[in-house]
Structure formats: structure tokens, C-alpha cells
Amino acid sequence: RPTPSGAAVPGRLATSQGANKGKRAVAAQPLAASVVTETPTPTPAIAPAAPPAARPPVVDAPRRRGGGRGAGEHAAWKSVRQERWEGALELEGELPLWLDGTYLRNGPGLWNLGDYGFRHLFDGYATLVRVSFRNGRAVGAHRQIESEAYKAAREHGKVCYREFSEVPKSDSFLSYVGQLASLFSGSSLTDNSNTGVVRLGDGRVLCLTETIKGSIVVDPDTLDTLGKFEYTDNLGGLIHSAHPIVTDTEFWTLIPDLIRPGYSVVRMDAGTNERRFVGRVDCRGGPAPGWVHSFPITEHYVVVPEMPLRYCARNLLRAEPTPLYKFEWHLESGSYMHVMCKASGKVVASVEVPPYVTFHFINAYEEVDEDGRVTAIVADCCEHNANTDILDKLRLQNLRSFTGQDVLPDARVGRFRIPLDGTPFGELEPALDPEEHGRGMDMCSINPAHVGKEYRYAYACGAHRPCNFPNTLTKIDLVEKTAKNWYEEGAVPSEPYFVPRPGAVEEDDGVAISMVSARDGSAYALVLDAKTFQELARAKFPYAMPYGLHCCWVPRNSNA
Ligand SMILES: CC(=O)/C=C/C=C(C)/C=C/C1=C(C)CCCC1(C)C
Ligand SMILES: CC(/C=C/C=O)=C\C=C\C=O
Ligand SMILES: [Fe+2]
């Protein structure tokens with residue numbers, strides 16, 4: 001296979017010229033006193049509850065099942081070694097002086113209870129990572145989110161709530177019946193908010209997962225869990241999209257209806273806790289709504305995807321996971337894209353599209369004709385070629401057993417075109433040749449000023465093959481249809497999160513920040529110049545950091 005232009009090549013910087021030029025090692029500043037210091041004494045992954053002051057740091061012990069911190073396994077898939085830490089980070093390279101604020105990254109960083117290992121990447125208890133930048137220096141921290149699910153697991157040493165694939169083991173038939181009853185009320189569902197972290201327009205920082213009860217407010221400075229985000233409306237629902245669209249003034253999300261297949265589109269004003277019903281989309285296929293991990297919006301419309309990977313109420317009730325966990329593949333049900341007018345709540349288009357599988361929409365925008373009339377919606381996503389295998393590839397056993405085989409399924413930037421003229425079909429095509437990014441594509445970000453609007457650049461994780469997981473960072477140019485790639489051998493980078501330079505005019509004027517779990521067991525926050533995609537600096541944690549998912553940026557004094 002020919003090497004695509006701009007494709008990743010081994011070495012620290014794939015497309016670098018004079019990559020190390022200007023790099024200075026700022027090792028001088030010793031690590032500041034940790035909030036919780038490390039201990040050499042191994043304790044179980046989750047120790048029984050102790051008074052907060054006396055609680056020992058959490059360290060993994062070898063386990064009977066599920067793999068773990070054993071030699072040979074990549075640090076990205078090992079549980080975080082203690083509950084919390086804070087300290088100055090050793091710097092290599094130069095941070096832009098304008099970079100003034102806090103990068104937060106959420107993710108499932110703890111996959112063990114004592115020697116019991118979880119099954120799936122998405123099961124882990126939430127670990128929040130912080131890197132605060134100021135005056136060219138960086139301070140790092142991480143801390144477990146104190147969800148009810150995490151606290152109960154720590155107290156009882158076992159899974160007590162229904163996670164993505166793990167369910168509490170019932171001791172008796174009666175307790176199983178009790179669990180089923182509690183499932184309908186939602187009380188047995190997890191609140192382990194291990195997926196996203198968003199800064200609301202009013203400054204509150206929220207960690208999220210797919211269960212509504214897993215909306216948890218955190219302090220971005222201390223990483224303290226401040227409590228549940230209580231929705232004060234009576235819209236109900238047990239699950240929602242893991243990725244609301246958040247702007248300075250609003251919060252949009254989707255609430256799937258598993259009983260009468262469809263979705264409620266809801267909106268919440270910044271500064272309130274009250275979601276308001278905007279409209280409903282009825283599913284066109286069955287038997288249940290398609291999984292809506294995310295969705296996009298445009299300036300005037302909300303795009304509601306209905307993919308053949310659908311929620312499955314029966315699988316929710318099962319004690320053991322099915323191959324597709326809480327979901328089912330219904331190719332026969334068709335695949336659709338719906339468009340709702342934000343102002344009226346009316347569905348203005350509902351088209352059938354080719355089958356697709358996506359976790360993450362990248363963005364959407366309105367296509368207008370020369371008279372300024374909106375003729376179509378363009379919506380881009382990280383699309384897994386309508387193949388659900390990716391869910392299985394994210395089982396920890398698969399992630400931990402890379403043998404050099406190229407087993408990561410192909411993915412692409414899937415571009416939907418949804419006509420608004422009543423045509424019953426929409427299009428789905430790759431937005432660029434997937435070889436540009438090694439046929440890996442997920443965990444994306446864009447310049448937030450372009451959300452819902454025309455845009456040119458997306459940042460994501462791509463692939464340098466052979467691999468079993470996305471292992472590059474890629475900057476996609478949707479106009480030139482090219483990609484610039486960053487690759488370092490053995491590194492597992494998380495979502496490259498775009499942070500704009502204050503006052504920037506150009507779309508790619510800023511940096512992309514990614515937390516990287518390196519092969520040697522170290523971890524660092526990598527700061528790339530978003531324009532050139534060259535490394536500016538890396539801020540090194542003094543210990544390994546597991547893989548994590550989504551991020552947000554809290555500018556300094558943003559609440560002042
Ligand atoms: C991390 C990620 O991308 C997805 C996480 C998804 C989760 C935690 C889903 C959890 C669920 C339950 C605990 C029960 C209800 C169904 C479902 C939304 C899959
Ligand atoms: C990490 C991931 C997919 C990688 C595949 O290429 C998906 C994560 C989804 C949750 O946020
Ligand atoms: Fe996600």
C-alpha cells in the first residue's frame with residue numbers, strides 16, 4: 001500500500017521539519033507537594049471506604065480476571081494507580097504564553113475492583129484529569145469522580161449498579177427480581193459519569209454519561225465532586241445522548257423513548273436546570289430508537305440520527321452481556337436522518353440513508369443556494385463503515401492483547417447530505433480518502449466557533465497500521481481533502497481537543513491538546529500547533545495515565 005500524503009511515519013513527529021528545534025527541557029521546577037502522595041504499598045484497586053483524610057491512595061493489585069497492571073500491558077488499559085494526585089508537570093518544549101486556562105479530560109480510568117477486572121473500556125469508573133496552563137507552565141492533577149456507583153463499589157468491593165456491560169451479581173432470585181424492578185425506575189442504572197465533560201454557559205462544569213442520573217457537577221480546580229446536576233423539569237427519561245451540544249447560552253440534548261420508539265429534542269438555557277421540550281421525532285424503523293451517543297446541530301436545525309444499531313430493552317434486563325451489549329443490529333429497519341427546526345420543533349426532513357455506525361458526529365451546517373435558501377444539511381461523523389465490530393474491539397481483553405495484527409476496523413469521515421426539498425433519500429459518502437488518516441477515525445473536535453456552521457478542519461484520532469486502536473492524531477482538511485498526522489510509536493493518544501487562541505481569526509489558529517499514554521508507561525499532555533500540527537510542548541505526568549475520552553477547556557477567570 002503506498003504511503004498516503006501526509007500519513008504518519010514512525011518517529012516523534014510524523015510530518016516534522018526540525019521537530020526538536022527550539023525545544024527546551026524545563027525540568028527545573030520540582031514536583032509540587034502532591035495532594036495525595038504515592039504509596040509503595042499495593043492496596044486493592046478499590047479499598048473499602050475509610051474516612052476521607054485517612055483513605056489510602058488507590059493502587060491496583062494483581063487480579064484473577066480481566067487483566068490489569070501486569071508487565072507487558074500498555075498503560076493506556078491499566079487502571080489509574082491512585083485515587084488522586086496534583087503537582088507541577090515537567091515540561092519539554094515551549095507552551096504558548098496565551099494558553100491560560102484548564103484542560104479537563106474525562107474517561108473510564110478504573111477497571112478493577114480488587115482482583116476483579118471489568119470487561120469493557122466503557123465500564124470503568126470515571127477518572128477526571130486536569131492540566132492547568134499558565135505563563136508557559138503546567139500543573140496536572142487527576143481524581144476519581146465520586147459517583148454513587150463508584151462510592152458503592154468502593155464500600156462493598158463489588159459492582160452495585162448496571163454499568164455499560166457490567167451488572168451487579170445477584171445473590172438470589174429475589175434480589176434479581178428486585179433488580180429488575182429497580183431497572184424500570186432507573187435506580188439500578190449507573191451514575192458513573194465517565195464519558196464527557198462540558199463547561200456550561202453559566203460556568204458550571206458537568207461530567208456526563210448516557211444515564212441522565214449520571215450528570216455530575218465538578219469543581220474544575222479541585223476536581224471535587226460537587227453533587228448531582230438535578231434537572232428541575234419533569235421531562236423524565238432514564239437515558240440521553242452522552243454529548244449534548246453546549247454553547248454560551250444553551251444546552252441541547254436528545255432523550256430516546258424506548259417504549260414508543262422516538263426521541264425528544266430538548267433545550268436548556270444556561271443558568272437554569274430546566275430542560276424544555278422542543279419537539280419529538282418518531283422513529284421510522286423499529287423496534288427501538290437508534291443509539292444516539294451524539295448528534296449535531298446547525299444554526300437553525302437539530303439533526304436526529306436513527307441508525308440500525310438500536311437500544312434493546314431486553315438486553316438492558318440481561319444479567320450477562322450480549323455481543324452488542326445493550327444494543328441490537330437491525331439492518332432491516334433502515335437508517336435515517338431527521339431534521340428538526342429549532343424554533344418550531346417541527347420535523348422538516350426525514351430521509352433514508354445508507355446504513356451507518358457512529359459514536360461521534362463531528363459537525364453539521366446548512367447548505368444554501370444563491371438566494372440564501374437552505375437547500376440541504378451537511379452532517380459529518382466518524383463512521384465505522386456500518387460495522388459494529390468496533391464495540392467488541394473496545395473490550396479490554398482485545399485492547400490489552402495487541403500482537404502486531406492489524407485488527408482495527410476501518411473508519412472514515414462519513415458525510416451525510418440531507419436534502420430539504422422533500423427528496424426521500426439522503427447521501428452518505430466519505431468526505432476524504434480514508435487512507436489520508438490510516439482508515440482510523442474517532443474522538444473528534446473542531447473549533448467551537450464553527451459548531452453548526454461551515455467549517456474546514458477537524459481534529460481526531462486516526463490510525464498508523466497495523467494497530468488495534470486509533471494510535472495517531474490527525475488534522476483533517478475537509479476542503480483540500482488531506483490530513484496531517486502525528487504519530488509516536490507505541491503511543492495511545494486521546495481525543496485531540498482544539499483550543500482557539502484568544503482573538504484568533506483563522507479557524508485553525510490555536511492548539512490541539514491530547515493526553516498520551518506512552519509505551520514506556522509514562523504519560524504526557526501533548527500540545528500541538530493546530531495550524532502546522534507540529535509539537536509545541538509536552539507536559540509530563542510523573543506516572544502512567546490510562547486512556548480517556550472527552551475533554552473541555554475552561555479559560556482562566558472565565559467565571560470572573
Ligand atoms: C463511554 C461511552 O462512550 C459510552 C458509555 C455508555 C454507557 C455508560 C452506557 C450506559 C447504558 C446503561 C448503563 C444502561 C442503559 C443503556 C446504556 C445507555 C447503554
Ligand atoms: C474510543 C472510541 C472509538 C475508537 C475507535 O476507533 C469510541 C469512544 C466512544 C465514547 O466516547
Ligand atoms: Fe463519546
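Order of listing sets the numbers, starting from 1, for every ligand and every atom in it. Start at 1 with the first residue, then count along the sequence.
Under a 4.0 Å criterion applied to the non-hydrogen atoms of His384, ligand 2 contributes the atoms 5 (C), 6 (O). Numbered from 1 in the order shown, with element, the atoms of ligand 1 that lie under 4.0 Å from a heavy atom of Thr209 read 7 (C), 8 (C). Every atom of ligand 1 with a heavy atom of Leu549 under 4.0 Å away is listed here by number and element: 1 (C). For ligand 1 and Leu316, the ligand atoms under 4.0 Å from any heavy atom of the residue are 14 (C), 15 (C), 16 (C). Ligand-side atoms of ligand 2 in range of His360: 8 (C), 9 (C), 10 (C), 11 (O), range being under 4.0 angstrom from any heavy atom. Counting atoms of ligand 2 from 1 in the listed order, those under 4.0 Å from a heavy atom of Phe122 are 8 (C), 9 (C), 10 (C). Listed by number with element, the atoms of ligand 1 under 4.0 angstrom from any heavy atom of Thr195 are 1 (C), 2 (C), 3 (O), 5 (C). Ligand-side atoms of ligand 1 in range of Thr190: 13 (C), range being under 4.0 angstrom from any heavy atom. Heavy-atom contacts of Asp442 reach the following atoms of ligand 2: 3 (C), 4 (C), 5 (C), 6 (O) (cutoff under 4.0 Å). Of all atoms in ligand 2, listed by their number and element, those nearer than 4.0 Å to a heavy atom of His293 are 10 (C), 11 (O). The His293 neighbourhood of ligand 1 comprises atoms 2 (C), 3 (O), 4 (C), with distances under 4.0 Å to a heavy atom of that residue. For ligand 1, the atoms closer than 4.0 angstrom to any heavy atom of Glu163 are 13 (C). Every atom of ligand 1 is numbered from 1 in the order shown, and the set under 4.0 Å from a heavy atom of Leu189 is 14 (C). Here is the list of ligand 2 atoms found below 4.0 Å of a heavy atom in Phe359: 7 (C).
Contacts between Phe164 and ligand 2 below 4.0 angstrom, taking non-hydrogen atoms only, are absent altogether.
Taking the six-membered ring where the residue is Trp, Phe359 and His293 present perpendicular rings, their angle passing 60° and hence far from 30°. Ring pair His243/His360 is perpendicular by interplanar angle, where above 60° counts as perpendicular and below 30° as parallel. Taking the six-membered ring for Trp and thresholds of 30 and 60 degrees, Tyr455 and Tyr365 have ring planes more than 60 degrees apart, a perpendicular arrangement.
Ligand 2 has an N or O atom lying under 3.5 Å from an N or O atom of His550, backbone or side chain. The shortest N or O to N or O distance between Tyr547 and ligand 2 is not under 3.5 Å.
Side-chain atoms of Glu163 and Thr190 include a donor-acceptor pair closer than 3.5 Å. Judged purely by distance below 3.5 Å, without hydrogens or angles, the side chains of Asn192 and Ser147 never pair a donor atom with an acceptor atom.
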Could you check Tyr325 against His120 for ring-ring contact (aromatic ring centres under 6.0 Å, His included), going step by step and ending with a plain yes or no?
CA-CA 10 Å; Tyr325 303 95; His120 198 277; 4.8 Å; yes

Pair Tyr263, Phe295 - check ring-ring contact (aromatic ring centres under 6.0 Å, His included), show working.
CA-CA 12 Å; Tyr263 312 84; Phe295 65 99; 9.7 Å; no

ring-ring contact (aromatic ring centres under 6.0 Å, His included) between Phe118 and Tyr125, worked out
CA-CA 10 Å; Phe118 292 174; Tyr125 291 113; 5.5 Å; yes

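For the pairing with Glu83, the salt bridge (charged side-chain N to carboxylate O under 4.0 Å, His left out) check across Arg154, Arg143, Lys151 returns one residue only, Arg154. Just one residue in the list Ser294, Ser215, Ser241 forms a side chain to side chain contact (heavy atoms under 4.5 Å, CB included) with Thr253, and that residue is Ser241.
In this structure, of Phe164, Tyr311, Tyr325, the residue bringing a heavy atom nearest to atom 10 (C) of ligand 1 is Phe164. The nearest non-hydrogen atom to atom 6 (C) of ligand 1, considering only Arg162, Glu166, Glu210, comes from Glu210. Taking all heavy atoms of Phe327, Trp291, Phe122 into account, the minimum distance to atom 2 (C) of ligand 1 is reached by Phe122.
Taking 4.0 Å as the cut-off between side-chain N and carboxylate O, Glu320 and Arg119 count as a salt-bridged pair. Remark: Asp477 does not engage Lys475 in a salt bridge, criterion side-chain N to carboxylate O under 4.0 Å. A salt bridge does not link Glu148 with Lys213: every distance from a Lys NZ or Arg NE/NH1/NH2 to an Asp or Glu carboxylate oxygen is 4.0 Å or more.
Distances shorter than 4.0 angstrom do not occur between any heavy atom of Gly440 and any atom of ligand 2. A heavy-atom separation below 4.0 Å is not found between Lys393 and ligand 2.
In terms of protein heavy-atom proximity, atom 5 (C) of ligand 2 is closest to Ile390 CD1, 3.4 Å. Of the protein's heavy atoms, Thr211 CG2, 4.2 Å lies nearest to atom 12 (C) of ligand 1. Summary of contacts: the protein heavy atom closest to atom 6 (O) of ligand 2 is Pro470 CG, 3.2 Å. Taking atom 17 (C) of ligand 1 as the reference point, the nearest protein heavy-atom neighbour is Lys326 CG, 4.4 Å.
Annotation: angle subtended at the Fe ion (ligand 3) by His243 NE2 and His293 NE2 is 90°, to 10°.
Geometric assessment of Lys393 against the ring of Phe469 yields a negative cation-pi assignment under the 6.0 Å and 45° thresholds.
Not less than 6.0 angstrom separates the ring centroid of Tyr457 from the ring centroid of Phe498. Centroid-to-centroid, the aromatic rings of Phe327 and Tyr311 come within less than 6.0 Å.
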